[in-house]
Amino acid sequence: MESDYKREYLKLLSARYPTAREAAAEIINLDAIMRLPKGTEHFMSDLHGEYEAFCHIMNNCSGVIREKVEQLYGDAMTEPERDEFATFVYYPQAIIAEMKAKQRDLRDWYIVQLHRLIEVCRTVASKYTRSKVRKSLPKDFGYVIDELINMDRTDFNKEAYYHEIFSAIVELNRAESFIVALTDAIKRLAVDELHIVGDVFDRGENPDKILDLLVTHHCADIQWGNHDISWMGAHMGNLACIFTVLDISLKYGNLDLLEESYGISLRKLSSYARAKMDDDARFYPAVSSAAETDADVAKMRKAVFFMLMKAEGQIIARHPEYGMDERILLRKIDYRRGTVEIGGRAVELNRNDFITVDPADPLRFTPAEAEVAEGLRRSFMHSEKLTRHIAFMFEHGSAYKISNDNLIYHGCIPLREDGSYLEFLGHRGKDLLDFADETVRAAYKAFVQGKEDVPSLDFVWYLWCGRCSPLFGREKITTFERIYVDDAQYHQETRNPYYRFYNDRAFCERILHDFGIDGKYSHIVNGHVPVKKKDGESPIKAEGKLIVIDGGFCKAYHAKTGIAGYTLIYNSHGLRLCAHEPFDSIEKAIENRSDIHSEVTVFETQKNRLRVIDTDTGRELAEQVEGLKSLLDYYESCAAAGISPASDR
């Protein structure tokens, strides 16, 4: 059987490499590729809709671009000149527009910038094959850029030749387009792979713009976060997810995101809320919206809250196996006395105003609520832009990812108090994450076929807030208690024991082993829980085996964490963690020629520089080389026997 398989494999290979010479040439080519330095991986987490900070970090590649500028021009330029040039690489069109406003003739300026940009492009391209670089270049200027970055700078005749090329580009009014193409190529080559460790969505106002960038990125993946999964469920029509998304969006004043960006009509909700809800300060938004008054937003939030409690209760009632009966709080309320049962105790409510709840059937939507809910459901399911974004999250996303001996996931591996894996529906550890991934995809498969897989879709909501969810990592969400119960002891949301055990090296090594990773330089890359740097907390856990890169990207977390997020760079030299200070705006960055100030920690370096052969890609290439060597042996045996390989086939 094995020989039959090998014969068929060699037959396929020989069709692609019909001669020994071609097979040998490919072996030499693959060997050369495997000896190149490993490409740079860029890790970002918990973006929470903060588009401008995300965009700037994408442009400077967490300092990689600035590092190249310093290497090349640290002695040739002053610091202000390097600031100017780095900003030019990040935002070429804005800087060119400024220069045009200052002076009419930019010919000499263009030529100087083109020379500098070619040097930077040559530097970032040096770790790749010429073929890969060529494929990364824009089609319009690919050939010219390829020529320029591969020129022999010691050949003075060629230097003049290339200067003439720059002059021709300027004379033909193509300088601006060529510069933009060059800076795009630099940023693309500076980072080989981009990993988003969950939560594109949440408080920030522009997750849609972040996703627009990710969709066009040459190599980006995402490990789903709990906020992402709520939007995915909302798009697939899960009402509890829809109302969750609406509540957060209303709380943080993101009505434009819903209405303008995604085309989600709030007209019926707004009309219903104005007619039925009172002006309740408890539901006032944390961030005001320009589209509505705070009072109107509060009324919508209150209407959404009641519908959310009903939708969640209906899911829990359908699934006793979730073990969440105590969270059907509308059934736990004594509407006459104004108390709610929590943990077996009758707790006083601060207000008894459940006007749309029928005590005899508290989970039933009123006819008016049902009409509003169905309209919202249609809007979320048929939003063209949201359809594209959620499709990307399925095509390029997953519950976890293993990349180059690093295990990447957003939330946690749910544990019991003793540190053993918490079991849910017969699944635990790696198997639980695989089950989550498969079930979410089953819900999406049904959705794109115009069907509804209710059990799978309900589980998508469970991943948002369930006790055993690997994306959530807490006992429960206490939104109801924080609004309706004054006693703060009921507001606590206890973290899963995972967040104690992840400081232990042996524990992290056990997780890595269970996922099939045992390399000396293997790590877990985690997001979800912001690291409070201002309190002395370190993002590097378990003696470097686990790195938490949620440092509070979202502005709402800056005061708690003391920074504006972590990013991680993994290149051929090792791991580098960047702690970023708050970013003002792209406009200010351009105006002041300022960058995000970052504290860089190089916490693991390789004794020998990592090469492609040390990566997942390298292991695949090594397998190809072994196959080609077998093909060469086959050709040699045919030659020795005096037969034609073609006739043998």
Side-chain angles (χ1 to χ4, degrees), residues 37-44 51-96 112-128 133 136-138 145 148-149 178-195 213-214 216-220 564-581 583-586 588-602:
K38 172 194 177 297
T40 297
E41 294 176 80
H42 191 188
F43 299 78
M44 304 174 73
Y51 168 73
E52 293 217 338
F54 169 77
C55 184
H56 189 77
I57 289 176
M58 285 285 287
N59 278 332
N60 76 4
C61 304
S62 283
V64 172
I65 300 294
R66 182 60 188 240
E67 182 181 52
K68 303 304 180 188
V69 171
E70 294 294 331
Q71 287 174 1
L72 288 167
Y73 302 114
D75 296 327
M77 293 183 188
T78 64
E79 186 174 349
E81 287 173 334
R82 297 196 301 276
D83 291 341
E84 176 89 19
F85 181 62
T87 305
F88 176 59
V89 177
Y90 308 154
Y91 306 106
Q93 290 165 307
I95 300 302
I96 289 171
V112 169
Q113 303 310 318
L114 286 167
H115 274 285
R116 290 172 173 172
L117 290 172
I118 285 295
E119 286 298 313
V120 178
C121 193
R122 179 184 291 109
T123 302
V124 296
S126 62
K127 64 169 64 177
Y128 305 113
V133 172
S136 301
L137 300 176
I145 296 174
L148 291 168
I149 64 176
F178 194 82
I179 284 169
V180 171
L182 259 178
T183 55
D184 285 347
I186 288 167
K187 285 174 271 195
R188 177 166 181 165
L189 292 166
V191 170
D192 201 33
E193 295 179 73
L194 173 65
H195 307 294
L213 282 182
L214 292 177
T216 61
H217 195 275
H218 62 278
C219 188
Y566 289 104
T567 55
L568 183 69
I569 293 291
Y570 182 32
N571 60 23
S572 58
H573 299 288
L575 288 164
R576 184 174 71 190
L577 190 69
C578 303
H580 302 289
E581 292 184 7
F583 180 68
D584 197 339
S585 68
I586 290 174
K588 288 286 182 64
I590 294 169
E591 180 184 340
N592 300 327
R593 307 299 193 256
S594 59
D595 212 334
I596 288 182
H597 294 288
S598 306
E599 178 185 314
V600 178
T601 303
V602 179

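Reckoned from all heavy atoms, side chains included, excluding hydrogens, waters and symmetry mates.
- The side-chain heavy atoms of Tyr128 and Asp192, taken from C-beta on, include a pair separated by under 4.5 Å.
- Using a cut-off of 4.0 Å between Lys/Arg side-chain N and Asp/Glu carboxylate O, Arg116 and Glu81 are scored as not salt-bridged.
- In this structure, SG in Cys121 is found 4.5 Å from CD1 in Ile149, a value given to the nearest 0.5 Å.
- For the atom pair CE (Met44) and CD1 (Ile569), the distance works out to 9.0 Å, reported to the nearest 0.5 Å.
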Requested in this report: Could you check Arg576 against Glu67 for side chain to side chain contact (heavy atoms under 4.5 Å, CB included), going step by step and ending with a plain yes or no?
Outcome: CA-CA 13 Å; Arg576 184 174 71 190; Glu67 182 181 52; 3.0 Å; yes

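- Proximity of Arg593 to Tyr90: side-chain heavy atoms (C-beta onward) are nowhere separated by under 4.5 Å.
- Side-chain contact between Val120 and Val89: absent, with no pair of heavy atoms (C-beta onward) separated by less than 4.5 Å.
- A 4.5 Å side-chain heavy-atom check between Asn60 and Arg66 finds every atom pair outside the cut-off.
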**Report entry** Residues Lys187, Met58; criterion side chain to side chain contact (heavy atoms under 4.5 Å, CB included); working and verdict
**Finding:** CA-CA 8 Å; Lys187 285 174 271 195; Met58 285 285 287; over 6 Å; no

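- Counting only heavy atoms from C-beta outward, the side chains of Leu114 and Ile118 never approach each other to under 4.5 Å.
- For Gln71, the CD atom is densely surrounded, since the number of other residues' heavy atoms within 6.0 Å is greater than 12.
- No side-chain heavy atom of Leu148 sits less than 4.5 Å from a side-chain heavy atom of Glu119.
- When every heavy atom of Ile65 is checked against every heavy atom of Asn59, the shortest pair comes out as CG1-O, 3.6 Å.
- Within the 4.5 Å cutoff, the side chain of Ile186 has heavy atoms near those of the Leu117 side chain.
- Residues passing the side chain to side chain contact (heavy atoms under 4.5 Å, CB included) test with Glu41 are Lys38, Phe43, Glu193, His195, Ser403, Asn404, Tyr570, sequence neighbours excluded.
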Requested in this report: Could you give me the CA-CA distance, side-chain angles and deciding distance for Leu194 and Leu214, then say whether side chain to side chain contact (heavy atoms under 4.5 Å, CB included) is met?
Outcome: CA-CA 9 Å; Leu194 173 65; Leu214 292 177; 3.7 Å; yes

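- Interatomic distance, Arg82 CZ to Leu72 CG, rounded to the nearest 0.5 Å: 11.5 Å.
- Using a 4.5 Å cut-off on side-chain heavy atoms (C-beta onward), Phe88 and Val69 make no contact.
- The two residues Ser136 and Arg188 have their closest heavy-atom pair at O-CD, 3.7 Å.
- Nearest heavy atom pair, residue Thr567 against residue Ser62, reads OG1-OG, 2.6 Å.
- Within a 6.0 Å sphere centred on CD of Gln93, other residues, nucleotides and ligands contribute 12 heavy atoms or fewer.
- With rounding to the nearest 0.5 angstrom, the CZ atom of Phe178 is 11.0 Å from the OG1 atom of Thr183.
- Here the CD1 atom belonging to Ile586 is positioned 4.0 Å from the SG atom belonging to Cys55, to the nearest 0.5 angstrom.
- Applying the side chain to side chain donor-acceptor pair (under 3.5 Å) test to Thr216 and every residue at least two apart in sequence or in another chain returns nothing.
- For Val191 against His42, the heavy-atom pair with the smallest separation is CG1-CB, 3.6 Å.
- Nearest approach of Thr40 to Ala190, heavy atoms of both residues: CB-O, 3.5 Å.
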